[in-house]
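Source: prediction; values computed, not measured. Order of listing sets the numbers, starting from 1, for every ligand and every atom in it. Position 1 is the first residue of the sequence; numbering continues from there.
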Amino acid sequence: MYNLEDMENYYKVNDRVNGYLVRKIIGEGRYGIAYLVTNDQNEQYVLKQIKKESNKETNENLFYEEKTLRSLDYSCFPKFISKFEDKYGECYVLEYIDGTVFEDLIVEDKHIFSKDEIYNVGSQLLELVEILQNNNIVHRDIRLPNVILKKNKEIALIDFGLARFIDNDRYLKEIDYWWIGDFLIFLYYSSYTETNSEERPWFEELELNIDEKIFLKRLMGIEERYKDIKDIKEQLEIIKNK
Ligand SMILES: Nc1ncnc2c1ncn2[C@@H]1O[C@H](COP(=O)(O)OP(=O)(O)OP(=O)(O)O)[C@@H](O)[C@H]1O
């Protein structure tokens, strides 16, 4: 949290910042604050106001968020629009992606994902990760608050703070397969009701057919890991068509 001195550096609704009009605060991260803003054409953007005293790790994350997003030009990732200095520090402007994050779909809307919906989300996540891999990027944070369901039902991935360029020593592409598995398990849990107080692992609690169980276990690295994304996509197609 911020102390009172920092509070004075917040923007307020209706403030003008570098030609943008502040509409609302949409989040607070380690780096600072995110606002929804509009330009003169009433187009929406996300403005990230970076705390002055951010630490080394945060600075590294911001550096890679800018570098990776600037190298991508797809509707499923926010575009990095610009960066400027204001009187308090640095600000980043990103394309705003209109929709609902999966965390809100589950926690607020209490949406129960059907198997077909889960397969569809899985396919789309694989497509996004494939695009990232083709651009030599691993996201490393594919979680419910970082994936947006747009109105047209397409999904988009945000928050590239932990994204890095793939490097076989440190930043392996395979970690995103684990994240996809973890993400899908959360979607399966949306229809789960606890029947017994004894704790069991997800592969026993969830109603999964044998193919789904092996698929998720392989994504999670509990059984032999997939070699590449093509294998994963093929396996998901088999599950879908059964
Ligand atoms: N491009 C975007 N389009 C729409 N909403 C976004 C976009 N980027 C971020 N948001 C929303 O803004 C809020 C802040 O997001 P952001 O990723 O900047 O920080 P965070 O994830 O809360 O922080 P941290 O990265 O430190 O964990 C979140 O609610 C997120 O859903």
Side-chain angles (χ1 to χ4, degrees), residues 1-2 6 9-13 17-18 20-39 41-84 86 88-109 111 121 124-125 128 131-132 135 137-164 171 175-176 179 182-183 186:
M1 273 308 277
Y2 278 177
D6 293 323
N9 303 342
Y10 273 42
Y11 291 119
K12 288 164 216 70
V13 172
V17 190
N18 219 43
Y20 294 97
L21 181 64
V22 175
R23 297 300 184 132
K24 65 172 181 186
I25 293 180
I26 51 174
E28 201 180 312
R30 277 153 296 174
Y31 61 85
I33 303 177
Y35 306 85
L36 174 68
V37 300
T38 47
N39 66 4
Q41 286 76 49
N42 212 21
E43 290 157 340
Q44 297 178 307
Y45 294 91
V46 174
L47 188 139
K48 289 192 175 195
Q49 186 189 22
I50 316 298
K51 269 196 269 194
K52 262 222 166 78
E53 69 287 4
S54 47
N55 62 26
K56 189 167 160 265
E57 189 190 336
T58 303
N59 287 336
E60 187 176 335
N61 291 351
L62 287 163
F63 174 83
Y64 282 107
E65 176 163 48
E66 175 178 355
K67 262 212 130 156
T68 52
L69 287 180
R70 277 196 195 273
S71 73
L72 295 167
D73 185 12
Y74 303 86
S75 61
C76 46
F77 311 115
K79 287 176 195 49
F80 192 96
I81 308 291
S82 64
K83 183 163 105 170
F84 60 86
D86 71 351
Y88 308 125
E90 212 162 56
C91 290
Y92 286 17
V93 182
L94 307 181
E95 178 190 4
Y96 176 74
I97 295 185
D98 198 8
T100 312
V101 292
F102 276 74
E103 182 166 62
D104 290 345
L105 293 175
I106 292 183
V107 177
E108 282 170 26
D109 304 352
H111 183 77
V121 172
Q124 290 200 56
L125 285 176
L128 302 196
I131 298 175
L132 291 180
N135 286 275
I137 293 168
V138 53
H139 185 276
R140 301 168 71 231
D141 201 17
I142 307 173
R143 291 182 296 118
L144 299 177
N146 292 339
V147 182
I148 295 180
L149 181 67
K150 299 199 267 187
K151 298 221 166 64
N152 65 6
K153 299 286 172 221
E154 282 172 13
I155 66 177
L157 189 53
I158 59 170
D159 200 348
F160 277 60
L162 294 184
R164 294 291 183 271
Y171 299 118
I175 192 69
D176 279 348
W179 279 113
D182 183 69
F183 193 95
F186 274 104

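The side chain of Lys48, and not its backbone, has at least one atom closer than 4.0 Å to an atom of ligand 1 (non-hydrogen atoms only; side chain from C-beta on).
Of all the atoms in ligand 1, the ones that sit under 4.0 Å from a non-hydrogen atom of Asp159 are 17 (O), 21 (O), 25 (O). Near Pro78, the atoms of ligand 1 lying under 4.0 angstrom from a non-hydrogen atom of the residue are 1 (N).
Considering backbone and side-chain atoms alike, Ile97 places an N or O below 3.5 Å from some N or O of ligand 1. Residue-to-ligand polar distances keep Asn146 apart from ligand 1: every N/O pair is separated by 3.5 Å or more.
Between Tyr20 and Tyr35, the gap from one ring centroid to the other reaches at least 6.0 Å. Checked against the 6.0 Å centroid threshold, Tyr92 and Phe80 count as a close aromatic pair.
Regarding atom 27 (O) of ligand 1, its nearest protein heavy-atom neighbour is Arg30 NH2, 3.0 Å. The protein heavy-atom contact nearest to atom 7 (C) of ligand 1 is Val46 CG2, 3.6 Å.
Among Tyr45, Tyr92, Tyr31, the residue whose heavy atom sits closest to atom 15 (O) of ligand 1 is Tyr31. Here the shortest heavy-atom distance to atom 6 (C) of ligand 1, taken over Val147, Thr100, Ile158, belongs to Ile158.
Between Lys79 and Asp73 there is a salt bridge, with a side-chain nitrogen of the basic residue lying less than 4.0 Å from a carboxylate oxygen of the acidic one.
Contact annotation: Ile148 has at least one heavy atom less than 4.0 Å from an atom of ligand 1.
What you find for Ser75 and Lys150 is that their closest heavy atoms are O-NZ, 3.0 Å.
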